[in-house]
Amino acid sequence: MTTSIIVDTQRTVTPLWPVPQERRVVTVLFADIVGSTALVDRLDPEDVRALQRAYFDTVAGVLHRWHGVVEKYVGDAVMALFGARHSDGFDAYRAVRAGLEIQAALDRRPMVDGIRLRVRVGVATGEVVVDLGDVVTGGHGVASGAVITTAARLQEYAAPGAVALCAATARATAGLITQRQLTPVPVAGRVPPVPVWHAVGPVRPGADRHDGPLIGRRRELATIRDQLGAAIRNRTPRWISLVGPTGSGRSRLLHELTRGLTTVDGLPVRWCVATCQPYPDQVLAPVAHLLRGLAGIRHSDGPAAVHDRLVTALTPLFPPTRVATAVPTLQRMLTTPDGSAAALAGAAICREVLLRLAAHRPLIVAVDDLDRAAPAVSRFLHALFGAATERGLPLALLTVHQPQWADTRPGPARQMTIGPLATVQSGRLLRHLLTRAGQPVALVDRLLPLVGGRPGHATAYVTSLVDGADPAALPLPEAVRRAVGAELDHLDGERRAVLMAAGTLGGLISGAAVDRALGWTPGRSAPALRKLVAAGLLLPHHVDGYAFAAPALRQVAAERLPRALRAVFQRRAACVPHLDTVHRDANPPAGAVNGSAARSAEIVRLDTVGARTGRLDAVFAALASVGPGGATGPTALRRGSPTPTMATRPAASGPDDNRTAGPRRLRAVASAGDVPPTPATAASRPARGAGGNPFRDLGRPAAPIRPTPASSAAHWTLADAGTPPGVVRAIPRPPLIRPLDGLPASA
């Protein structure tokens, strides 16, 4: 067929942030008409044109509804991308649903002369390089990667009217899409044959399975129970939100509450719980889920069984005439919970049912994953909460959602943030999961730094081990990558740039390093860093800088950058002169430095210092023997203003040159044990005792370096220069000693 290209007139040429390309995991959909050549040969050109328009309009409409971007039209084939610019963690699910809907829509739509088009669809998931500025309909060459070829090959093996999935897509949609695995198929250039699944349809929502002991969260459970109990006891409705990122254990906490909170002051409590599926077919599906739960209706029940269960549930609450009129309306809403007037009327009756239930017995209405629901569900909950407040009913609302969800809760709502587990709790959870999975418990030490205190990440890593992941490599699980990638994509351009640049930097993150990496003016990243802390993605360090809240977030943020740009960021951050430091001292010992002007210590690897021990001792000897005006001995160390030393580089000239620098503490850490003094250094070290030499034996505990009283604040004194094993102490140089240009050049 003739090639048709549709160009988006609203094309965006400016990317969301100042990086033109990203490495992203996307899902590619490839659809092609079966037998198009024979069909075109027997049709008039005008009929071919009409058929083309009907086909492309149908496919493009479905793809747009599921937030797919048409990358190109090739003949009668259509290629679309899901997650090319923004990911919500359900890119593969949206692509599969779009493929199924394309098949259904073409079956329903009448074509020219009654022709029925049959289409094959292939869906594949994998990594590509994406040009962010071209992610629009008709943007050719948007993505590059092997997954595009895989999607095209898969559709060749799909049956007419079917949707074929690759292994990665099947894993990403497990539990959401009913699948049927087929015999692996040979693909040119691929050995062994490629496994293929056929998508059957969406899975009906069901309750998540939660087994095993709950580890941690005792404080959160107690707080929420107290608030729910107060709402019921005082007949003052409360709206409580459980907020946390994917994998934090929000749903598990809700499960524990429904199982553990059954009475308040001896009164039995009734729970009505609904779970919001991603992209529900109907906007009021969670409301229908609530109604099914309180009436005991199963999805397999026929119309007669549904009618009888609704009558049984409504009879104690309404008069007979009201029951007779309400039941048919509720049945229609259960059948089609869309946004129509009939469905909204059924939702209003459902709301009144909940209010009357609360008048007879304390009621808690809980909605899991509310951020996935349509605005109509939020309006339903607001109306329910407002009516319960006016009537003074013993009712509480409990909603569960992610932090980035637009908060529509009323003013008096309480929010409980679900933070990461403590290290001890994460270790206990990992030991339990590994034991239950039959994996070595010794892997706890390898997994603990990777899970970041998120129970969902711990479960994903253990599951990947069960599925055959290499324990030595421990790659990032696909489920964790999808969830963390969605967290990253919810950020605006500025914060996203800061986080991705920070991911390329090792150790603690400082605003200055981020500014250097991005080529920004100093201080520009500070507001973004504070916002990332408020969002729970970064943690402020108590010394200086920030750390990633989840290790997986650092990995995904860094891997999103192309290799060349990643190297540029690292080079920019590393090209500034610096000490041989590894990172800031996270836990400086108390009392190590006295005075209000005390600064944090810097850690120096002993393997770099040990090689220069002889030269350092020579410098120390000179410092001990020469002072201002030719003074010698220890008095030289107490005279003159402080000057740059190993611990403090010479500052650049500027308006602050005259300020008095506070004392700095330098710690040296051996990479493979303490470095013992060599005979040469032992011989060159000044003897202690006679002459009052301040240099003590390195084996003795360190005492602080303290500034002299305020009357001579610029003069330094060495109270006790003894240092622990493997530690090199630095002291200020007298003015007659020329400042050195940094540790590497001076040592």
>> Run Val96 and Thr27 through side-chain contact (heavy atoms from CB on, under 4.5 Å) and show every step you take.
In response: CA-CA 9 Å; Val96 176; Thr27 299; over 6 Å; no
> Which pair of heavy atoms, one from Ala513 and one from Ala573, lies closest together, and at what distance?
Replying inline: O-CB, 4.3 Å
> Hey, what do you get for CG (Leu529) to CD (Glu494), rounding to the nearest 0.5 Å?
Replying inline: 10.0 Å
>> Could you check whether Asp368 and Thr275, counting side-chain N and O atoms only, form a donor-acceptor pair closer than 3.5 Å?
In response: no
>> Checking His490 now: which residues fulfil ring pair (Phe, Tyr, Trp, His ring centres under 6.0 Å) with it, not counting sequence neighbours?
In response: His86
> Sequence neighbours excluded, which residues qualify as side chain to side chain contact (heavy atoms under 4.5 Å, CB included) partners of Arg481?
Replying inline: Val25, Leu476, Gln555, Val556, Glu559
>> When you measure from the side chain of Gln103 to the backbone of Ala162, do you find a donor-acceptor pair of N or O atoms at a distance under 3.5 Å?
In response: yes
> With side chains defined as the heavy atoms from C-beta onward, is the minimum distance between Leu505 and Val514 less than 4.5 Å?
Replying inline: yes
> Can you tell me how far the CG atom of Leu450 sits from the OG atom of Ser426, to the nearest 0.5 Å?
Replying inline: 11.5 Å
> Of all heavy-atom pairs between Thr58 and Ala105, which one has the smallest distance, and what is that distance?
Replying inline: CG2-CB, 3.7 Å
> Pairs in or reaching into residues 170-180: which pass salt bridge (charged side-chain N to carboxylate O under 4.0 Å, His left out), with residues at least two apart or in two chains?
Replying inline: Arg171-Glu478
> Which atom pair, heavy atoms only, marks the closest approach of Ala558 to Gly503?
Replying inline: CB-O, 3.4 Å
>> Taking the side chain as everything from C-beta on, heavy atoms only, tell me whether Arg495 gets closer than 4.5 Å to Leu537.
In response: no
> Can a salt bridge be assigned to the pair Glu156 and Arg153 using a cut-off of 4.0 Å between side-chain N and carboxylate O?
Replying inline: yes
> Could you walk me through whether Leu447 and Leu434 pass the side-chain contact (heavy atoms from CB on, under 4.5 Å) check?
Replying inline: CA-CA 10 Å; Leu447 293 172; Leu434 290 169; 4.1 Å; yes
> Looking at residues at least two apart in the chain, or sitting in another chain, which of them share a side chain to side chain contact (heavy atoms under 4.5 Å, CB included) with His64?
Replying inline: none
>> Could you check whether Arg24 pairs with Asp91 (Lys NZ or Arg NE/NH1/NH2 to Asp/Glu carboxylate O, under 4.0 Å)?
In response: no
> Between Thr169 and Leu165, is there a donor-acceptor pair closer than 3.5 Å when you use the side chain of the first and the backbone of the second?
Replying inline: no
> Do the side chains of Leu63 and Ile102 get nearer than 4.5 Å, heavy atoms only?
Replying inline: yes
>> Donor-acceptor pair, distance only, cut-off 3.5 Å: does the side chain of Asp301 make one with the backbone of Arg298?
In response: yes
> Does Pro562 offer a backbone N or O that forms a donor-acceptor pair with the side chain of Arg23 under 3.5 Å?
Replying inline: no
>> Run the side-chain contact (heavy atoms from CB on, under 4.5 Å) test on Tyr55 and Leu106 for me, step by step, so that the C-alpha distance in whole Å, both residues' side-chain angles and the decisive distance to 0.1 Å come before the verdict.
In response: CA-CA 8 Å; Tyr55 166 65; Leu106 290 175; 4.1 Å; yes
> Between atom CD of Gln52 and atom CG of Asp57, what is the distance when rounded to the nearest 0.5 Å?
Replying inline: 11.0 Å
>> side-chain contact (heavy atoms from CB on, under 4.5 Å), that's the test. Do Val147 and Thr149 meet it? Break it down for me.
In response: CA-CA 5 Å; Val147 65; Thr149 304; over 6 Å; no
> Ignoring hydrogens and geometry, is there a side-chain-to-backbone donor-acceptor pair from Arg94 to Trp66 under 3.5 Å?
Replying inline: yes
>> Is it the case that atom CZ in Arg446 sees more than 12 heavy atoms from other parts of the structure closer than 6.0 Å?
In response: yes
> Passes salt bridge (Lys or Arg N to Asp or Glu O under 4.0 Å), Arg85 versus Glu22? Steps please.
Replying inline: CA-CA 9 Å; Arg85 166 172 277 179; Glu22 279 189 18; over 6 Å; no
> Does a side-chain heavy-atom distance below 4.5 Å link Cys276 with Val367?
Replying inline: yes
>> Main chain of Met333, side chain of Thr336: is a donor-acceptor contact present, judged purely on distance under 3.5 Å?
In response: no
>> Just verifying a value: how many Å separate Asp131 CG and Gln21 CD, rounded to the nearest 0.5 Å?
In response: 4.5 Å
> What distance separates Leu117 CG from Asp107 CG, expressed to the nearest 0.5 Å?
Replying inline: 9.5 Å
>> Enumerate the side-chain hydrogen bond (donor to acceptor under 3.5 Å, both in side chains) contacts for residues 453-467, please, sequence neighbours excluded, ordered by first and then second residue.
In response: Arg454-Glu487
> Under a 4.5 Å cut-off applied to non-hydrogen side-chain atoms, are Leu334 and Arg292 in contact?
Replying inline: yes
> In this structure, which one of Arg250, His401, Gln277 forms a side-chain hydrogen bond (donor to acceptor under 3.5 Å, both in side chains) with Asp369?
Replying inline: Arg250
> Between Ala517 and Arg572, what is the shortest heavy-atom contact and its length?
Replying inline: O-NH1, 2.7 Å
> Side-chain donor-acceptor pair under 3.5 Å between Thr173 and Gln179, yes or no?
Replying inline: yes
> With sequence neighbours left out, what residues match Pro278 under side chain to side chain contact (heavy atoms under 4.5 Å, CB included)?
Replying inline: Phe90, Tyr93, Leu176, Arg372
> Do the side chain of Arg118 and the main chain of Pro160 share a donor and acceptor less than 3.5 angstrom apart?
Replying inline: yes
>> Which heavy atom of Leu100 sits nearest to which heavy atom of Pro202, and what is that distance?
In response: CD1-CD, 4.5 Å
> Less than 4.0 Å between a side-chain N and a carboxylate O, is that true for Asp489 and Arg560?
Replying inline: yes
> Between the side chain of Arg566 and the main-chain N/O of Leu561, is any donor-acceptor distance below 3.5 Å?
Replying inline: yes
> With a 4.5 Å heavy-atom cut-off, do Val196 and Pro184 have their side chains touching?
Replying inline: no
>> Ignoring hydrogens, what is the shortest heavy-atom contact between Val451 and Ala458? Give both atom names and the distance.
In response: CG1-CA, 3.6 Å
> Taking C-beta and beyond as the side chain, do Phe82 and Val28 meet within less than 4.5 Å on heavy atoms?
Replying inline: no
>> Within the structure provided, determine whether Phe548 and Leu499 are in side-chain contact (heavy-atom separation under 4.5 Å).
In response: yes
>> Nearest 0.5 Å, please: how far is CG in Leu538 from CG in Leu553?
In response: 7.5 Å
